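Data first, discussion second: the structure below is written as structure tokens.
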Amino acid sequence: MDEYEKGFFTEENSFEVVIARNDNAKDERMKQVMEVITRKLHEAVKEIEPTQQEWMQAITFLTRTGQLCNEWRQEFILLSDVLGVSMLVDAINNRKPTGASESTVLGPFHVANAPELPMGANICLDAKGEDMVIHGRILDTEGSPVANALLDVWQANDEGFYDVQQKGIQPDFNLRGVFRTGADGRYWFRAAKPRFYPIPSDGTVGKLLQTLGRHPYRPAHLHFILKADGFHTLTTHIFDPEDPYINSDAVFGVKESLLAEFKWVTDPSASEGLSFAGPFWDVEYNFVLASDRTDRT
Ligand code: BEZ
Ligand code: FE
């Protein structure tokens, strides 16, 4: 009988003793997951050699993180976000064929049932911020337009707040909307240029970032969910490459392919054509959807 099979625990055999207890696990996947997690956790503890006080500090951090979670706030997801785990799970589950647009995190501010609007609508309902027009095409990986695709967009305002964070200050559904493409796959709508903003930083995750010398900011972006029959749903953002936080997103959501060009347009006739009072931002971005058929790319 090997030492660990006796079930007696030592510093050296800690991992083997613990996972041997799971031999009769009723769920094979759970058994496999717990084997990996136990191995990595024991490796980490052996490498770090925490003091009892440090271990208690870690337990208190996790306890407090759980206590902060409620219907509106999910501090554990935020922890996963700032550790890069949300983006890693997203990447593993959204491997795309060549040419298809890349995904990124959903974030906590999506609202179901945003109004479906006609192409060209202005989703900025309070006339605040700098005018912006966003346009482009939704294509398949062969370059053909995707008709009847739904584009669900939401973004923060020019002060870095979503409507749901400023109830009674911003109108409901401000800077949100759903658009449906026609046969040409084209989309366009008007909005206000978003600004960078901090993720919630008044809890355990904010304190952790502070201790690690990290800021809590996300660079300016627009969120999108694109859905069309025959295609994988795409959850993504487009980012302003000139944003001061573009290379240090607190949740690691930025990918090179998601950088759009924000052009400042001063031509008065262009402003007039879009019913803008003056200069505006012009953003063009094409989305490429991946087929959900295994026999096609
Ligand atoms: C967001 O972009 O809305 C977001 C993503 C992750 C954490 C917090 C906010
Ligand atoms: Fe966001």
Side-chain angles (χ1 to χ4, degrees), residues 65 68-69 72-94 101-111 114 123-124 126 128-130 132 134 151-167 169-170 173-177 189 191-226 234-262 281 283 285 287:
T65 299
L68 284 171
C69 295
W72 305 279
R73 178 163 187 162
Q74 236 301 352
E75 196 76 0
F76 267 116
I77 295 184
L78 210 55
L79 181 59
S80 152
D81 294 342
V82 303
L83 294 178
V85 176
S86 303
M87 278 302 290
L88 190 53
V89 172
D90 183 77
I92 289 165
N93 285 281
N94 291 284
S101 296
E102 293 188 282
S103 62
T104 189
V105 279
L106 173 68
F109 299 119
H110 179 250
V111 169
I123 60 171
C124 179
D126 59 5
K128 290 192 179 151
E130 293 173 325
M132 179 173 74
I134 300 114
L151 177 151
D152 185 347
V153 59
W154 69 105
Q155 61 161 93
N157 69 4
D158 69 320
E159 293 176 348
F161 293 105
Y162 289 87
D163 58 348
V164 290
Q165 295 176 292
Q166 289 193 312
K167 287 214 172 277
I169 298 173
Q170 291 188 45
F173 297 114
N174 193 32
L175 295 165
R176 297 177 188 275
F189 61 91
K193 190 167 189 271
R195 201 195 72 157
F196 60 82
Y197 62 83
I199 60 169
S201 57
D202 57 343
T204 48
V205 171
K207 184 78 182 38
L208 177 68
L209 292 182
Q210 217 177 35
T211 307
L212 294 174
R214 283 170 57 177
H215 68 71
Y217 292 99
R218 298 216 63 206
H221 57 272
L222 289 93
H223 291 258
F224 294 92
I225 297 176
L226 292 128
L234 172 67
T235 300
T236 195
H237 303 2
I238 58 177
F239 290 92
D240 175 4
E242 302 299 325
D243 189 278
Y245 298 105
I246 198 67
N247 297 114
S248 60
D249 183 358
V251 304
F252 306 97
V254 182
K255 293 178 177 176
E256 184 108 47
S257 67
L258 305 179
L259 304 180
E261 201 184 342
F262 286 61
W281 294 97
V283 182
Y285 194 87
F287 295 97

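All of these numbers come straight from a predicted model, not from anything done at the bench. The chain is numbered in sequence order, starting from 1.
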Worked check of side chain to side chain contact (heavy atoms under 4.5 Å, CB included) between Gln166 and Asn174: CA-CA 10 Å; Gln166 289 193 312; Asn174 193 32; over 6 Å; no
Flag side-chain contact, heavy atom, 4.5 Å: Val251 against Met87: no
Under 3.5 Å: donor-acceptor pair, side chain of Arg214, backbone of Val82: yes
Shortest non-hydrogen contact from Ala192 toward Lys128: CB-O, 3.4 Å
Point-to-point distance, once rounded to the nearest 0.5 Å, from SG of Cys69 to CD of Gln74: 4.0 Å
Point-to-point distance, once rounded to the nearest 0.5 Å, from CZ of Phe239 to CG of Leu258: 6.0 Å
Test log, rule ring-ring contact (aromatic ring centres under 6.0 Å, His included), inputs Tyr197 and His221: CA-CA 10 Å; Tyr197 62 83; His221 57 272; 5.3 Å; yes
Check: Ser86 side chain, Asp81 main-chain N or O, donor-acceptor pair, under 3.5 Å: yes
Under 3.5 Å donor-acceptor, Asp243 side chain and Ala220 backbone: yes
Gln155 side chain vs Ala191 backbone, donor-acceptor pair below 3.5 Å: no
Heavy-atom side-chain proximity of Leu151 to Phe287 below 4.5 angstrom: yes
Arg176 CZ to Tyr162 OH distance, which is reported to the nearest 0.5 Å: 8.0 Å
Within-4.5 Å side-chain heavy-atom neighbours: Phe109 and His223: no
Asp249 side chain vs Pro219 backbone, donor-acceptor pair below 3.5 Å: no
Side-chain donor or acceptor of His215 paired with backbone N/O of Ser248 under 3.5 Å: yes
Of all pairs that satisfy side-chain hydrogen bond (donor to acceptor under 3.5 Å, both in side chains), the ones with a partner from residues 250-261, not counting sequence neighbours: Glu102-Ser257
Within-4.5 Å side-chain heavy-atom neighbours: Met132 and Pro194: yes
Nearest-0.5 Å distance, OG of residue Ser201 to CG of residue Leu78: 9.0 Å
Rounded distance [0.5 Å steps], CG in Leu208 versus CG in Leu79: 7.0 Å
Aromatic plane relationship, Tyr245 with Phe196 - under 30° parallel, 30 to 60° tilted, over 60° perpendicular: perpendicular
Arg218 (side chain) donor-acceptor with Ile199 (main chain) under 3.5 angstrom: no
Considering all heavy atoms, the nearest Thr65-Thr204 contact: OG1-OG1, 2.9 Å
Asp202 and Arg73 ion-paired at < 4.0 Å: yes
Pair Arg195 + Asp158, salt bridge at N-O below 4.0 Å: no
Donor-acceptor contact present, side-chain Thr235 to main-chain Leu106, <3.5 Å: no
Closest approach of Asp90 to Ser103 (non-hydrogen atoms, all atoms of both residues): OD2-OG, 2.7 Å
Trp154 side chain near Ile225 side chain, heavy-atom distance below 4.5 Å: yes
Rounded distance [0.5 Å steps], CG in Leu83 versus CZ in Phe252: 8.0 Å
Shortest non-hydrogen contact from Val164 toward Lys167: O-CG, 3.9 Å
Heavy-atom closest contact (Asn157 atom, Glu159 atom, distance): OD1-N, 2.9 Å
Non-hydrogen side-chain atoms of Val254 and Ile246 separated by less than 4.5 Å: yes
Heavy-atom closest contact (Pro241 atom, Phe262 atom, distance): CD-CD1, 4.1 Å
